[in-house]
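Data block below; observations after.
Read the numbers this way: they start at 1 and go in the same order the structure lists the ligands and their atoms.
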Amino acid sequence: MYDIVIIGAGPAGLSAAIYARRAGKTVLLLEESAYGGQIVNTPEIENYPGIKNISGFEFATNLYQQATGFGAEFKFEKALEIENLDDKKVVKTAKGEYEAKAVIIATGAKNRKLGLNKEDSLVGRGVSYCATCDGMFFKGKDVAVNGGGNTAIEDAGFLSNYCNKVYVIHRRDQFRADESDVEKIRNKDNVEFVLNSTVEELVADDSLSAIIVKDKNTGETREIPVSGLFVAIGQQPDNKNFENIVELENGYVKGLEDCKTNVDGIYVAGDCRTKTVRQLTTAASDGAVAALAACEKIDK
Ligand code: NAP
């Protein structure tokens, strides 16, 4: 039996693993895809205290190496269910069942989709959710970024360095992103803000050739020829597998700053938790809080 099974190896889960291992607990990290979570898609992190500038991929890799270096065990398996028994928890995957004294849910969140026709079939042929991963395919071309948060603005800045033109399509005229980042791209010659507007249609034969954008105020539509559309309209949680065991609110696991759920011995950390600020720093902070709470329970 493990002391703690951590579900999800993003910044919250990996931080929890570091704290739990340093407290001498045995730890299994379960991750369905790649370590690092959403942060691997961030070209540049400039707001993590103590680190002036680092790529998301390098940050995630450092975190992973730190956690496994401290002895956390890592398996690429998706947690399908948590069973709460009197004396232990059992986390079930397609490959096995793992017993633990405590479980930390740190499943993060996934990219939200626009829900447009052809959106899924055009992934890899013009539609992308990751500028860092796919941006280089559009070197010298015209692209659009949809969204008004930090991800969209950072993506637009990144793409403007080597794409011919970058349209930023946002449904309002105010940005959620940090003003300093918006200012960085506002006056770039090859960036055009298309505000109060939504993407209504994807024009494509084999691959994306244009988007139809609607101005919410005038109702007018405009066809913008682009080879790439980077969708950066936020995330949504993926906790459906745990809805029968822990309480959810709008898909997020209900938990306060102490990272406790409604089930004794099951904790929640990072973006998958009900909270107001979803940042790298708060994910790492949650990981520490959840791990120390789990350690305290185990040691009782
Ligand atoms: P976000 O902050 O939730 O922003 C999502 C954006 O997409 C908003 O501007 C929203 O518009 C728009 N949007 C949502 N649903 C839409 C829809 N159906 N159609 C059109 N537009 C839609 O998401 P994010 O930018 O991915 O950031 C997520 C979290 O990570 C945030 O807390 C962010 O600060 C953080 N983050 C931090 C960094 C960094 O610090 N370096 C980098 C990336 C992300 P409205 O504004 O109108 O709601």
Side-chain angles (χ1 to χ4, degrees), residues 8 10-12 36-60 63 106-117 119-120 127-133 135 144-159 166-186 193-202 211-217 221 224 229-238 250-252 269-287:
Q38 298 167 52
I39 203 65
V40 294
N41 299 331
T42 299
E44 227 180 357
I45 301 165
E46 286 184 336
N47 59 359
Y48 195 85
I51 301 176
K52 206 169 165 202
N53 191 295
I54 190 168
S55 77
F57 179 75
E58 192 183 351
F59 181 86
L63 207 47
T107 46
K110 290 191 165 51
N111 294 318
R112 182 177 289 131
K113 294 187 172 187
L114 284 164
L116 295 175
N117 272 345
E119 185 174 351
D120 286 339
V127 172
S128 169
Y129 301 86
C130 176
T132 332
C133 322
V145 176
N146 191 194
N150 277 318
T151 304
I153 296 304
E154 284 186 8
D155 285 357
F158 177 68
L159 293 164
V166 180
Y167 297 90
V168 178
I169 322 282
H170 179 36
R171 66 182 177 184
R172 294 189 295 139
D173 59 1
Q174 300 292 316
F175 288 96
R176 231 171 247 279
D178 298 347
E179 191 52 35
S180 57
D181 287 338
V182 177
E183 280 314 307
K184 270 190 210 167
I185 63 165
R186 195 185 289 280
F193 286 180
V194 183
L195 303 180
N196 296 310
S197 298
T198 50
V199 180
E200 297 289 305
E201 205 181 314
L202 305 173
I211 51 176
I212 309 286
V213 172
K214 184 175 177 184
D215 184 311
K216 280 170 55 186
N217 294 336
T221 56
I224 303 179
L229 171 65
F230 291 86
V231 181
I233 59 167
Q235 285 81 35
Q236 49 197 29
D238 181 16
N250 297 325
Y252 293 94
D271 283 8
C272 66
R273 173 169 82 80
T274 49
K275 52 158 69 181
T276 48
V277 181
R278 292 193 172 83
Q279 291 282 310
L280 193 51
T281 43
T282 58
S285 155
D286 270 14

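Among all non-hydrogen protein atoms, the one lying nearest atom 2 (O) of ligand 1 is Arg176 CD, 3.6 Å. Looking only at heavy atoms of the protein, atom 36 (N) of ligand 1 is closest to Asn150 CB, 3.8 Å. Among all non-hydrogen protein atoms, the one lying nearest atom 9 (O) of ligand 1 is Gly148 N, 3.0 Å. Of the protein's non-hydrogen atoms, the one nearest atom 41 (N) of ligand 1 is Glu154 OE2, 2.8 Å. Here the protein heavy atom with the shortest distance to atom 3 (O) of ligand 1 is Gly234 CA, 4.0 Å. Summary of contacts: the protein heavy atom closest to atom 16 (C) of ligand 1 is Arg171 NH1, 3.3 Å. Given atom 7 (O) of ligand 1, the protein heavy atom at minimum distance is Ile233 CA, 3.2 Å. Protein heavy atom closest to atom 47 (O) of ligand 1, with residue, atom name and distance, is Arg172 NE, 2.7 Å.
The proximity of Glu46 to ligand 1, defined as any non-hydrogen pair under 4.0 Å, does not occur for either the backbone or the side chain.
Counting heavy atoms of neighbouring residues, nucleotides and ligands inside a 6.0 Å radius, atom CG of Asp215 exceeds 12 of them. Counting non-hydrogen atoms of other residues, nucleotides and ligands closer than 6.0 Å to CZ of Phe57 gives a total of 12 or fewer.
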Checklist entry - Does the side-chain contact (heavy atoms from CB on, under 4.5 Å) test come out yes or no for Leu195 and Phe175, once each step is laid out? => result CA-CA 10 Å; Leu195 303 180; Phe175 288 96; 3.6 Å; yes
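Counting heavy atoms from C-beta on, the side chains of Asp120 and Lys113 come closer than 4.5 Å. Residues Asp181 and Glu154 have side chains in contact (heavy-atom distance under 4.5 Å, counting atoms from C-beta outward). In this structure, Val199 and Leu116 have side chains that are in contact, with non-hydrogen atoms separated by less than 4.5 Å. A heavy-atom distance below 4.5 Å is not found between the side chains of Val213 and Thr221.
For ligand 1, the atoms closer than 4.0 angstrom to any heavy atom of Asn47 are 39 (C), 40 (O), 41 (N). Every atom of ligand 1 with a heavy atom of Gln235 under 4.0 Å away is listed here by number and element: 26 (O), 28 (C). Taking every heavy atom of Arg112 and a limit of under 4.0 angstrom, the matching atoms of ligand 1 come to 14 (C), 15 (N). The ligand atoms of ligand 1 that sit less than 4.0 angstrom from a heavy atom of Gln279 are 31 (C), 32 (O), 33 (C), 34 (O), 35 (C), 37 (C), 40 (O). When each atom of ligand 1 is checked for a heavy atom of Arg278 under 4.0 Å away, the hits are 29 (C), 30 (O), 31 (C), 32 (O), 35 (C).
Residue contact check for ligand 1: Gln38 places no non-hydrogen atom closer than 4.0 Å to it. Not a single heavy atom of Thr198 sits closer than 4.0 Å to an atom of ligand 1.
Gln174 meets the side-chain contact (heavy atoms from CB on, under 4.5 Å) test with Arg172; sequence neighbours excluded.
Applying the salt bridge (Lys or Arg N to Asp or Glu O under 4.0 Å) test to every pair with at least one member in residues 270-284, sequence neighbours left out, gives these pairs: Glu257-Arg273, Arg273-Asp286, Lys275-Asp286.
Aromatic pair Phe59/Tyr48: centroids less than 6.0 angstrom apart.
Distance check, rounded to the nearest 0.5 Å: CG of Leu114 to CD of Glu200 gives 10.0 Å.
At least one N or O atom of Thr151 sits closer than 3.5 Å to an N or O atom of ligand 1.
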